[in-house]
Amino acid sequence: MNKEIWFKNETTNPTGSFKDRGSSVEITKALELGATRLVCATTGNMGASVAAYSARAKLSVKIFIPSDTPRHKLMQISVHGAKIIKTKDYTTASASAERLAKTGYYYLAGDYPYRGEGQKSIGFEIADQFHFKLPDAIVMPIGNGTLMWAVYKALHELSIVGLIQRIPKLIGVQAAGCAPIVHAFEAGIDGIHEPIKPVKPRTIASAIEVGNPIDGPKALTAINRTGGFALAVSDREILAARNLLGREGIYAESGGAAATAGLIAAMKNPKFAKQLNEAKEIVVLVTGHGLKG
Ligand SMILES: Cc1ncc(COP(=O)(O)O)c(C=O)c1O
């Protein structure tokens with residue numbers, strides 16, 4: 001069956017990734033709650049976005065970030081005036097930010113509920129752009145799983161009020177070197193009754209290099225409830241997808257091209273291709289700009 005594949009280009013947001021959708025709500029909320037200092041853990045894009053929106057709001061920010069983060073992201077964060085503290089990996093960054101927030105002097109920014117509320121706008125926009133006759137599947141990369149849950153929550157809310165009749169299959173893509181959610185999905189683990197096993201990440205797709213995803217159970221819920229699936233792609237497949245997007249005029253970072261790689265891999269794999277057979281329209285999220293490294 002012929003398919004229409006749509007790319008939702010999130011690289012053109014103010015700081016070059018979809019994270020701005022969440023930061024807009026989250027930083028507004030921090031201001032409303034009277035916060036003056038923020039702390040945030042990041043693989044890069046979140047930090048750049050939180051730093052930019054906080055600069056605009058005149059809030060001071062500390063960013064915990066893995067030391068091997070691409071230098072353009074570090075530069076972006078420091079140009080916006082945030083203080084950078086380098087850590088061994090994202091799991092350590094996340095624990096450090098949470099520890100500092102517990103002192104009571106810092107507002108904890110990151111993959112928490114207010115951000116998800118902002119990221120829901122991706123789901124609302126897809127519904128709007130498809131005139132409420134939704135595509136058959138939406139493919140996206142997974143790091144912490146917050147994006148996946150936000151898209152699901154938006155579509156679920158639209159279905160509750162009767163604006164859409166069905167929710168597309170949600171398909172999550174991780175790098176093979178960092179795929180705790182894919183492993184859980186394959187093992188039938190939902191992350192609620194049995195925990196997702198953390199992994200030691202190793203991939204070029206640093207934006208999604210999250211070994212212990214905080215919203216993993218929610219992402220698995222979104223995938224399972226919509227009849228979707230999760231799959232892993234190699235770094236080589238991610239780079240090939242990035243080049244393919246480039247030939248279409250979209251410059252994505254590797255993590256931003258992971259969903260495209262995932263769709264290509266799924267269509268070649270009989271296990272997944274069968275599930276996509278009937279799909280006429282598929283949306284792929286391209287989540288971060290290539291100039292970020
Ligand atoms: C470019 C890019 N794509 C995808 C993701 C994954 O989003 P989430 O962590 O919400 O699953 C991130 C997270 O940092 C990202 O920066």
Side-chain angles (χ1 to χ4, degrees), residues 10-122 143-147 149-150 201 206-215 253 255-256 287-289 291-293:
E10 290 291 311
T11 70
T12 55
N13 281 302
T15 71
S17 84
F18 76 96
K19 295 286 182 183
D20 295 332
R21 295 174 178 272
S23 299
S24 168
V25 172
E26 186 176 53
I27 304 306
T28 303
K29 199 67 197 169
L31 267 182
E32 186 189 306
L33 294 171
T36 53
R37 290 185 214 141
L38 273 68
V39 61
C40 176
T42 181
T43 57
N45 288 324
M46 170 97 71
S49 182
V50 165
Y53 281 72
S54 297
R56 201 67 196 114
K58 306 281 177 256
L59 300 173
S60 90
V61 192
K62 276 199 170 105
I63 301 282
F64 287 93
I65 188 165
S67 52
D68 60 355
T69 303
R71 70 187 167 87
H72 290 106
K73 289 180 180 165
L74 295 170
M75 166 95 78
Q76 205 179 0
I77 293 166
S78 71
V79 164
H80 289 306
K83 182 168 171 37
I84 292 176
I85 302 136
K86 292 187 183 167
T87 59
K88 180 166 68 103
D89 54 23
Y90 177 74
T91 303
T92 317
S94 190
S96 309
E98 287 184 9
R99 214 167 26 246
L100 191 56
K102 281 204 183 108
T103 62
Y105 295 108
Y106 289 84
Y107 181 93
L108 182 61
D111 278 325
Y112 306 104
Y114 292 130
R115 169 165 300 276
E117 290 306 298
Q119 288 177 183
K120 273 174 19 190
S121 59
I122 295 185
N144 258 328
T146 315
L147 169 64
W149 177 247
S206 61
I208 51 171
E209 203 169 13
V210 178
N212 191 11
I214 37 182
D215 280 335
E253 64 174 296
T287 47
H289 203 288
L291 289 176
K292 283 164 160 284

For T15, give me all partners under side chain to side chain donor-acceptor pair (under 3.5 Å), at least two apart in sequence or on another chain. D20
All N/O donor-acceptor pairs, side-chain side in residues 102-109, below 3.5 Å, sequence neighbours left out:
| unit_1 | atom_1 | unit_2 | atom_2 | d |
| --- | --- | --- | --- | --- |
| T103 | OG1 | L100 | O | 2.5 |
| T103 | OG1 | Y105 | N | 3.4 |
| Y106 | OH | K62 | NZ | 2.8 |

For L74, what residues pass the side-chain contact (heavy atoms from CB on, under 4.5 Å) criterion, not counting sequence neighbours? I65, T69, I84, K86
Only pairs under 3.5 Å count here: list side-chain donor-acceptor contacts from residues 41-48, not counting sequence neighbours, and write none if there are none.
| unit_1 | atom_1 | unit_2 | atom_2 | d |
| --- | --- | --- | --- | --- |
| T42 | OG1 | G44 | N | 2.6 |
| T42 | OG1 | M46 | N | 3.4 |
| T42 | OG1 | G47 | N | 2.8 |
| T43 | OG1 | A207 | O | 2.9 |
| N45 | OD1 | K292 | NZ | 2.8 |
| N45 | ND2 | E253 | OE2 | 2.7 |

Which residues share a side chain to side chain donor-acceptor pair (under 3.5 Å) with S23, sequence neighbours left out: S49, R115
Please identify each residue that fulfils ring pair (Phe, Tyr, Trp, His ring centres under 6.0 Å) with H289, with sequence neighbours left out. Y251
Going by side chain to side chain donor-acceptor pair (under 3.5 Å), name the residues that satisfy it together with D111, two or more places apart in sequence or in a different chain. N144, T146
Working to the nearest 0.5 Å, report the span between NZ of K29 and CG of L33. 5.5 Å
Considering all heavy atoms, the nearest T87-A93 contact: OG1-CB, 3.4 Å
Residues P213 and G143: closest non-hydrogen pair is CB-O, 3.3 Å
Can you name the closest pair of heavy atoms from Y90 and P66 and give their distance? N-CG, 3.6 Å
R56 meets the side-chain contact (heavy atoms from CB on, under 4.5 Å) criterion, sequence neighbours left out, with none
Partner residues of S121 under the side chain to side chain donor-acceptor pair (under 3.5 Å) criterion, sequence neighbours left out: R21
My understanding is that only residues two or more places apart in sequence, or in another chain, count here; which of them pass side-chain contact (heavy atoms from CB on, under 4.5 Å) with S54? I27, L38, V50, L59, V61
How many angstroms lie between CG in L147 and CZ in F18, if you round to the nearest 0.5 Å? 4.5 Å
In sequence, state the C-alpha distance, the side-chain angles, and the governing distance for T287 and S17, and then conclude on side-chain contact (heavy atoms from CB on, under 4.5 Å). CA-CA 6 Å; T287 47; S17 84; 6.0 Å; no
Could you grab the distance from atom CD1 of I63 to atom NE2 of H80, nearest 0.5 Å is fine? 10.5 Å
As an exercise, state the distance from CG of D89 to OG of S94, rounded to the nearest 0.5 Å. 10.0 Å
Taking only residues two or more places apart in sequence, or in another chain, which ones meet A150 in a side-chain contact (heavy atoms from CB on, under 4.5 Å)? Q119, K120
